[in-house]
Amino acid sequence: MAEMNELQTLRHSASHVMAQAVKRLFPEVKLAIGPAIDTGFYYDFDSEHTFTTEDLEKIEAEMKKIAKENLKIERFELPREEALELMKDEPYKIELINDLPEGETISFYKQGEFTDLCAGPHVNYTSKVKAYKLLSATGAYWRGDEKNKMLQRIYATAFLTKDELEADLLMREEAKKRDHNKLGRELELFTTSDVIGQGLPILLPKGARIIQLLQRFVEDEEQKRGWQLTKTPLMAKSDLYKISGHWDHYQDGMFVLGDEEKDKEVFALRPMTCPFQYQAYLNRGRSYRDLPMRLNETSTLFRNEASGEMHGLIRVRQFTISEGHLMCTPEQLEDEFKGCLELAIYMLKTLGLYEDVSYRFSQWDPDNREKYIGTTEQWDEAQGIMEKILNHLEIPYKVGIGEAAFYGPKLDIQIKNVFGKEDTLITIQIDQMLAQQFGMEYVDKDGNKKNPYIIHRTSIGCYERTLALLIEKYAGKFPVWLAPVQIKLLPIADRHLDYIYEVKKELEKNGIIRVEVDDRSEKIGYKIREAQLEKVPYMLVVGDKDIENNTVSVRDRRDGDLGSMALSDFIAKVTEEIENKVIK
RNA sequence: GCUGGUGUGGCUCAGUCGGUAGAGCAGCUGAUUCGUAAUCAGCAGAUCGCGUGUUCAAGUCACGUCACCAGCUCCA
């Protein structure tokens with residue numbers, strides 16, 4: 001904690017001031033913990049009373065008073081027994097003290113009548129806490145464990161200056177305007193239906209178009225890089241999942257069709273593609289000459305997520321992923337892993353998301369063995385190999401304990417949504433367990449049968465989730481190559497319609513096919529406004545002068561009026577942007 | 001699954017103390033053909049998410065349920 005920076009220290013102190021205010025207003029509340037986080041701070045309380053928006057305002061007002069009182073924030077230390085005595089009315093603090101290892105310093109911070117168990121550091125006076133805002137009250141499990149009691153968490157933020165606070169609050173507002181879940185519905189990319197069900201979005205023509213474009217791009221690029229496409233069934237008998245381990249380790253996440261007690265055969269929709277593509281490998285005997293074998297598939301998966309988990313297009317129950325499994329020898333593993341990573345990075349750069357991601361090396365949790373198959377030795381080996389590769393490739397990762405798949409470690413490429421919540425966009429995994437389970441082998445140079453290593457990977461992630469992040473990244477203003485409508489043609493008067501349709505034909509002849517004509521007899525300013533709301537990249541306005549001079553007047557959704565230009569020049573410009581997948 | 005919030009025409013919202021739904025935009029029809037962020041007029045569109053209950057009477061109250069939103073947990 002000694003490395004805590006100035007801002008984190010302030011936020012931590014702000015959380016104490018908030019807890020003090022809550023204690024003054026609601027004396028019966030029990031304190032849990034209140035750390036500083038990336039975006040501000042929070043404090044968890046155990047309270048019978050649930051905090052409302054009005055309560056937050058009252059708490060904020062009380063915090064103001066505490067700052068005004070300018071209480072000195074003082075540190076002191078106590079031996080264990082005295083510490084327990086001091087906190088005797090705070091059961092969560094007692095638990096924390098009891099969990100501190102023998103010999104650890106037990107320190108407290110005191111400001112006025114309020115004292116909290118805390119390692120510090122803190123600012124010296126409560127008056128330093130002046131630029132803050134309480135954001136929301138929500139539930140959170142004690143110690144992040146769903147078996148524990150749910151406490152009430154108040155999220156807030158604080159800054160060193162009021163200007164920084166204002167800027168941050170404004171940024172939060174702006175970010176919410178890019179929320180894919182709102183924007184994606186407004187732009188008619190997707191919708192949901194009460195009678196279809198939770199986590200099952202309907203992709204409308206424009207959303208489906210974008211996904212189609214992404215999918216074509218991905219499949220072509222994968223083919224260029226030596227991947228072979230498979231099409232495997234969307235469901236299988238329980239037998240398959242029993243071999244893979246899904247039946248034992250993932251059954252809660254599967255949609256099972258039938259009842260094991262009553263039915264002769266029980267099927268399940270697939271939650272992952274792995275065991276299906278393995279059957280393709282198992283089609284005949286394999287030799288080292290067949291390796292590496294790279295199988296890709298545009299794969300629709302079904303996962304029975306808990307009801308509270310669904311979120312727009314980011315977390316759904318049915319989704320389609322750019323899936324792939326690569327079988328290789330130990331010698332090939334590093335190069336092939338690198339190839340998978342390069343493909344993922346190429347995708348991210350093409351989409352313009354490369355600067356927004358971070359890497360997580362997801363490892364198993366040896367203290368939670370029932371979540372995983374395999375032995376400690378196998379896990380140590382697989383993780384050791386991945387660590388070596390990651391270090392070799394100089395990937396700047398952070399470690400996630402307990403984040404591994406049940407069959408192996410992962411390199412997860414993480415991205416944050418507009419609310420700051422992090423999700424996995426792309427994952428590359430090393431698996432040395434399932435080949436054994438499925439009896440996948442190859443005959444090596446020495447004539448011996450061996451199990452291949454398997455890399456599970458995705459190149460662009462799940463199309464729905466990737467689309468969601470793209471909506472947020474571009475606030476709906478997709479690059480021209482991805483835009484569901486690339487060009488809107490706007491005649492100023494009806495007499496310009498014939499020319500407009502000629503322009504359309506000419507564009508289509510040149511491969512620019514996502515073109516729409518607004519042929520309504522409306523004022524031109526009105527049509528432009530509507531096209532802008534649709535976030536169409538280009539508008540071509542045509543009037544008498546354009547027909548006379550054989551030009552089009554071009555409006556760019558970002559840059560505004562580009563003036564009139566020859567149609568051929570415009571076509572060349574747009575063609576270049578589409579072919580090079582230009583982001584602007 | 002857990003905590004809290006929200007469901008009124010396609011969208012944004014109004015609807016007083018329970019008395020049987022209202023506007024703007026979008027849509028449709030007609031007029032307008034007008035050079036850059038909303039042309040004019042008219043029409044149509046809602047068993048108030050769904051169900052049960054209380055009541056003479058429910059969009060308003062109660063219970064249940066479904067969906068949506070934020071957070072927790074879980075996860076691509």
Side-chain angles (χ1 to χ4, degrees), chain A residues 42 44 47 50-53 135-155 176 179 181-182 185-186 188 191-201 250 252-253 271-273 299 301 303-317 319-323 362 371 402-403 405 410 412-415 419-427 429 456-458 460-466 468-469 490-497 520-533 539 541-546 553 555 560-561 564:
Chain A
Y42 66 81
D44 285 348
S47 161
T50 51
F51 299 121
T52 62
T53 317
L135 299 170
S136 61
T138 178
Y141 298 108
W142 167 237
R143 298 198 146 179
D145 187 335
E146 62 178 332
K147 290 186 211 77
N148 289 339
K149 182 166 184 187
M150 180 156 275
L151 309 175
Q152 291 192 59
R153 174 172 299 177
I154 298 179
Y155 277 104
K176 276 184 199 156
D179 178 4
N181 208 357
K182 189 148 178 18
R185 290 169 196 268
E186 276 170 18
E188 297 195 307
T191 186
T192 48
S193 158
D194 284 9
V195 290
I196 288 182
Q198 239 193 334
L200 298 167
Y250 207 83
D252 285 351
M272 297 175 191
T273 323
S299 178
L301 305 179
R303 296 187 186 178
N304 193 4
E305 304 287 353
S307 62
E309 309 301 349
M310 264 61 78
H311 170 54
L313 293 178
I314 286 186
R315 193 78 180 276
V316 292
R317 280 182 165 149
F319 56 92
T320 299
I321 187 169
S322 55
E323 183 78 278
S362 297
K371 264 183 80 177
E403 303 284 355
K410 311 190 285 179
D412 291 323
I413 302 182
Q414 305 288 104
I415 192 159
F419 296 104
K421 190 179 162 113
E422 190 177 278
D423 272 297
T424 301
L425 191 63
I426 291 174
T427 180
Q429 314 168 355
H456 304 232
R457 57 98 255 194
T458 159
I460 206 176
C462 303
Y463 289 99
E464 293 83 354
R465 182 175 284 186
T466 301
L469 272 306
L490 313 177
I492 287 165
D494 288 354
R495 64 176 178 276
H496 308 124
L497 262 172
R520 296 173 303 171
S521 303
E522 300 285 357
K523 209 178 164 188
I524 187 65
Y526 178 82
K527 291 189 205 176
I528 288 173
R529 179 182 158 270
E530 295 236 312
Q532 278 172 338
L533 289 176
M539 285 159 254
V541 180
V542 164
D544 293 336
K545 271 187 192 155
D546 292 304
S553 299
R555 279 184 75 86
D561 202 340
S564 63

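Judged by distance alone, with hydrogens and angles left aside, A:Tyr42 brings no side-chain donor or acceptor close enough to the base of B:G71 to form a pair under 3.5 Å. Taking 3.5 Å as the limit, the base of B:U3 and the side chain of A:Arg153 contain no donor-acceptor pair of atoms between them. For a distance-only test at 3.5 Å, the side chain of A:Glu305 qualifies as a donor-acceptor partner of the base of B:A76.
In this structure, A:Arg315 and A:Gly312 both approach RNA chain B, and ranking their closest nucleotides by distance from the 5' end singles out A:Gly312. Heavy-atom nearest nucleotides on RNA chain B were determined for A:Gly139 and for A:Tyr526, and the one closer to the 5' end corresponds to A:Tyr526.
Nearest to the side chain of A:Ile492, among B:G1, B:G35, B:C75, sits B:G35. The side chain of A:Glu309 lies closest to B:C72, out of B:A76, B:C72, B:U36. If you check B:G35, B:C72, B:A26 against the side chain of A:Glu530, the one that comes closest is B:A26. Distance from the side chain of A:Ile528 is smallest for B:U36 among the nucleotides B:C75, B:A76, B:U36. Considering only side-chain atoms of A:Arg495, the nucleotide from B:C34, B:C2, B:C68 that sits closest is B:C34. The side chain of A:Lys410 lies closest to B:A76 when the candidates are B:U36, B:A76, B:C74. Of the candidates B:U36, B:U33, B:C72, the closest approach to any side-chain atom of A:Asp561 belongs to B:U36. Distance from the side chain of A:Tyr141 is smallest for B:U73 among the nucleotides B:G27, B:U73, B:A70.
The distance between atom CD of A:Glu422 and atom C1' of B:G71, rounded to the nearest whole Å, is 16 Å. One interatomic measurement links the two molecules: CD1 of A:Ile314 to C1' of B:G71, which rounds to 15 Å at whole-angstrom precision. Atom-to-atom, CG of A:Asp252 to C1' of B:U73 comes out at 14 Å; the value is rounded to the nearest Å. Taking atom NE2 of A:His311 as the reference point, atom C1' of B:C74 lies 15 Å away to the nearest angstrom. Atom-to-atom, CZ of A:Phe51 to P of B:U3 comes out at 16 Å; the value is rounded to the nearest Å. In this entry the distance linking CD of A:Glu522 with P of B:U29 reads 12 Å, nearest Å. The distance from atom CE of A:Met150 to atom P of B:C74 is 11 Å, rounded to the nearest whole Å. The nearest whole Å value for the distance from the CG atom in A:Asp179 to the C1' atom in B:C69 is 9 Å.
The partner of B:U39 is B:A31, by the rule that a Watson-Crick or G-U pair needs both atom distances under 3.5 Å. In this entry B:U6 has B:A67 as its Watson-Crick or G-U wobble partner, both defining distances falling under 3.5 Å. Here B:C56 sits opposite B:G19 as a Watson-Crick or G-U wobble pair (both hydrogen-bonding atom distances under 3.5 Å). Across all strands shown, B:A46 has no partner, as no Watson-Crick or G-U wobble contact with both distances under 3.5 Å is found. In this structure, B:C72 and B:G1 make a Watson-Crick or G-U wobble pair, each of the two defining distances being under 3.5 angstrom.
Between B:A23 and B:G45, the two P atoms lie 13 Å apart (nearest whole Å). Nucleotides B:G59 and B:U20, compared at atom P, are 10 Å apart to the nearest Å. Look at the P atom in both B:U12 and B:A70: the space between them is 15 Å, to the nearest Å. Between B:G9 and B:U47, the two P atoms lie 8 Å apart (nearest whole Å).
Judged by ring centres under 5.5 Å apart and planes tilted less than 30 degrees, A:Tyr155 fails to stack against the six-membered base ring of B:G71.
Inspection of the A:Asp494 and A:Ser521 side chains reveals an N or O donor paired with an N or O acceptor under 3.5 Å. Remark: the A:Ser322 side chain and the A:Thr458 side chain contain an N/O donor-acceptor pair separated by less than 3.5 Å.
Ion pairing between a basic and an acidic side chain is recognised when a charged N comes within 4.0 Å of a carboxylate O; A:Glu530 and A:Arg520 show such pairing. Residues A:Arg143 and A:Asp145 are not paired through a salt bridge, judged by the lack of any N-O separation under 4.0 Å between the basic side chain and the carboxylate.
Contact check, A:Lys371 against B:C75: a side-chain N or O comes under 4.0 Å of OP1 or OP2. Regarding contacts with the backbone of B:C28, every side-chain N or O of A:Arg520 stays at 4.0 angstrom or more from both OP1 and OP2. One finds no side-chain N or O of A:Gln152 lying less than 4.0 angstrom from the OP1 or OP2 phosphate oxygen of B:G4.
A:Arg465 contributes no side-chain N or O that, together with a main-chain N or O of A:Arg315, makes up a donor-acceptor pair within less than 3.5 Å.
Within the 4.0 angstrom heavy-atom criterion, only backbone atoms of the sugar-phosphate kind lie near A:Ala140; the bases stay farther away. Contact annotation for A:Ser136: no contact, since no heavy-atom pair falls under 4.0 Å across all strands. A:Arg185 comes within 4.0 angstrom of the backbone, heavy atoms only, and of no base.
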- Report the C-alpha separation of A:Thr273 and A:Glu323 in whole Å, then their side-chain angles, then the decisive distance to 0.1 Å, and conclude whether the side-chain hydrogen bond (donor to acceptor under 3.5 Å, both in side chains) test is met. CA-CA 7 Å; A:Thr273 323; A:Glu323 183 78 278; 2.6 Å; yes
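Rounding to the nearest 0.5 Å gives a distance of 9.0 Å between CE of A:Met272 and NE2 of A:His456. The CD1 atom of A:Ile314 sits 10.0 Å away from the OG1 atom of A:Thr466 when rounded to the nearest 0.5 Å.
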